[in-house]
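Input: a single structure, listed below in C-alpha cells.
Start at 1 and go down the list; that is how both ligands and their atoms are numbered.
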Amino acid sequence: MSLVVEKFGGTSVGSVDRINAVADKLIERQAKGEKLVVVVSAMSGETNRLIGLAKEITQQPSAREMDVLVSTGEQVTIALLSMALHKRGNDARSYTGGQVSIRTDNVYSKARIQNIDAERIQTDLEKGRIVVIAGFQGIDEFGNITTLGRGGSDTTAVAVAAAINADECRIYTDVDGIYTTDPRVVPTAKRLEKITVEEMLELASLGAKVLQTRSVEFAGKYKVPLRVLSSFKEGLGTLIVYEDEDASMEAPLISGIAFQRDEAKLTIRGIPDHPGVAHQVLGPISDAHINVDVIIQNASAKGLTDLTFTVPRADYQACLGILDTLVADLGAKDIKGDDKIAKLSIVGVGMRSHSGVANKMFKTLADNDINIQMISTSEIKVSVIVEESKLDKAVESLHKAFDLEN
Ligand code: ADP
Ligand code: ASP
Ligand code: MG
C-alpha cells in the first residue's frame, strides 16, 4: 500500500464545490489502495483578506498576533474537507500544525520547521483514516503559533512527506505542472515533464511562486519524490528529479525563466571610497532585517564611488529612510531610488557546459529595446534588473529566443 502526501493550494479548495471535488478524488484514490495524508491551504483570497483586516486596525500589528490571525485560514479548510470526507464514509481527522507537533523556530511569519511528530499521523493512517493537516503553520517550543511565509503550505507538505517517509508528495495547484515560465504571462510556455531539483530551487527563489523555495530545499535534502499537478485536470504534471536519476537526460541550455515584479533599487552616490564602505551602507539595512539582493559597486573615480543595490519593494521607503541618515556621516553626495523595477532570470544546468548564454540574453533584450540596469550571475542562472513596464515583453522575447516553446 503506497503512502502519499497530497497538498491542495488555495484555488483548489477555493469553494465548497472545489472542496467536495477534492474529497471525491481522495476517496477514489484511497479505494485504489493509497494511504493518504492531505495538506491544505486557506481558501483562495482568505490569507490576503485576513492581512487586510489587521491593516485596518494597525499598520504595525504584532508579529505574534499576525501569525495567530493568518493561520486561521487553513483551519477553516481542514475542518470543511474533513466534513466532506465524513459524508463520503471516511473517518478523516483534521489537525492544526500545533496538534501534529509541527515544531518550528520562533521567527514569526517566516518560521522554519524543525521537527514533526509522525506518530499521531501513523496511528490514524493505520485506522484507515485520511489525515488532513493545516499547511503554512507550526508551533514553537513555547506553544506560540507560527507561520512559514507566503506559499508555506508547500513546505508543510514536503516536510510531512519527509517525516513519514512517504512514497510520493503531490502538490496540486491551478496549473498542470511546472512550465518554462509563468503560463499566465507567456501563453506559449511549455510544461516540463521533469526538472532537476537545483533548477527548481533557482526558479523558486527567483520568483516562480509555483513552489515555495523552502519546500524545494526540503525536497532536495530528504530526496522526497515530488510532483506538481493540476487539481482541475488529469495528467502527469512535472516530476522533480535528483541528479543521480537524471544522468542520462541531455540538459537543455535553459530550462526556465523566472521573474519578480516587486523590486526596488537604491543608489548612494559619491561616497569617499575606502575599506568598509559597503559594510557601512549595507550593515544598517541588514540590521533592519531587509534582504538586499543584487549589489553593484562602481569602480571609483577621483576617490569617490557609487553603490547600487536592490531590495523588496515593500522595504523601499524604510531603506530610503536609513540611507538618508547615512549620507552625511559617509560624506556621500546623494541618494537616488527607483521602485518600478523588476528582476528577470534565466535558469538552466546546461549553462555550465555552454558559453554565450548570457550574451544571447543581453542581445535579445537589446534587440527589443529593453535596457539592462543591473546584472548578476551564478553557475546556472543569469539575472537582470529591468524597468517593470518592460518585464512582460522581456520574458516573452527571451522565451522565444531560447526556443523554450519547442
Ligand atoms: P497554490 O495556491 O496552489 O499554492 P500558487 O498561486 O502559489 O498556487 O502557484 C501557482 C501559480 O504559480 C500558477 O498559477 C502560475 O501563475 C504561477 N507560476 C509562476 N511561475 C510558474 C512556472 N514556471 N510554472 C508554473 N506556474 C508558475
Ligand atoms: N495560505 C498561505 C498563503 O496564502 C499559505 C499557502 O497558501 O501556501 O500564502
Ligand atoms: Mg502556493
Top protein contact for atom 3 (C) of ligand 2, by heavy-atom distance: Arg150 NE, 3.3 Å
Side chain, backbone, both or neither: the part of Glu74 lying under 4.0 Å from ligand 2 by heavy atom: side chain
Identity and separation of the nearest protein heavy atom to atom 7 (O) of ligand 2: Ser41 OG, 3.1 Å
Close approach of Gly9 to ligand 2, heavy atoms, under 4.0 angstrom: no
Pro183 heavy atom under 4.0 Å from ligand 1: yes
Closest protein heavy atom to atom 2 (O) of ligand 1, given as residue, atom name and distance to 0.1 Å: Gly10 N, 3.2 Å
Heavy-atom side-chain proximity of Arg191 to Asp176 below 4.5 angstrom: yes
Heavy-atom pair of closest approach, residues Thr77 and Met43: OG1-N, 3.7 Å
Phe136-ligand 2 polar pair, N/O distance under 3.5 Å: no
Shortest protein heavy-atom distance from atom 16 (O) of ligand 1, along with the residue and atom involved: Asp182 OD1, 2.9 Å
Check: Tyr179 side chain, Arg184 main-chain N or O, donor-acceptor pair, under 3.5 Å: no
Asp154-ligand 2 polar pair, N/O distance under 3.5 Å: no
Atom 25 (C) of ligand 1: nearest protein contact (heavy atom, Å): Gly177 O, 3.4 Å
Element-labelled atoms of ligand 1 that are located less than 4.0 Å from some non-hydrogen atom of Ile178: 24 (N)
Element-labelled atoms of ligand 1 that are located less than 4.0 Å from some non-hydrogen atom of Arg184: 13 (C), 14 (O), 15 (C), 16 (O)
Under 4.0 Å to a heavy atom of Ala208 - the qualifying atoms of ligand 1, by number: 20 (N)
Non-hydrogen atom of Gly151 closer than 4.0 Å to ligand 2: yes
Side chain proximity check, Val294 to Ser383, heavy atoms < 4.5 angstrom: no
Protein residue, atom and distance nearest to atom 27 (C) of ligand 1, heavy-atom basis: Val210 CB, 3.7 Å
N/O donor-acceptor pair under 3.5 Å between Arg129 side chain and Asp124 backbone: no
Option from His399, Lys190, Glu405 for which side-chain hydrogen bond (donor to acceptor under 3.5 Å, both in side chains) with Thr180 holds: His399
Member of Val357, Val349, Ile346, Asp403 meeting the side chain to side chain contact (heavy atoms under 4.5 Å, CB included) criterion with Leu253: Val357
Worked check of side-chain hydrogen bond (donor to acceptor under 3.5 Å, both in side chains) between Ser71 and Gln137: CA-CA 6 Å; Ser71 63; Gln137 55 179 264; 4.7 Å; no
For ligand 1, the portion of Thr181 having any non-hydrogen atom under 4.0 Å away: backbone
For atom 23 (N) of ligand 1, the protein heavy atom that lies nearest, with its residue and separation: Tyr179 O, 3.0 Å
Structural part of Ser44 in contact with ligand 1, heavy atom criterion under 4.0 angstrom: neither
Over all atoms of both residues, closest heavy-atom pair of Ser255 and Leu192: O-CD1, 3.9 Å
Nearest-contact summary for atom 11 (C) of ligand 1 - protein heavy atom, Å: Asp174 OD1, 3.9 Å
Non-hydrogen side-chain atoms of Val277 and Leu330 separated by less than 4.5 Å: no
Which residue and heavy atom of the protein sit nearest atom 3 (O) of ligand 1, plus the separation: Thr173 OG1, 2.7 Å
Arg352 bridged to Glu198 by N-O distance under 4.0 Å: yes
Residue selection (non-hydrogen contact nearest atom 7 (O) of ligand 1) among Lys7, Lys209, Arg191: Lys209
Residues Thr147, Asp67; criterion side-chain hydrogen bond (donor to acceptor under 3.5 Å, both in side chains); working and verdict: CA-CA 6 Å; Thr147 64; Asp67 278 6; 2.9 Å; yes
Closest heavy-atom pair and its distance - Leu69, Thr72: O-OG1, 2.7 Å
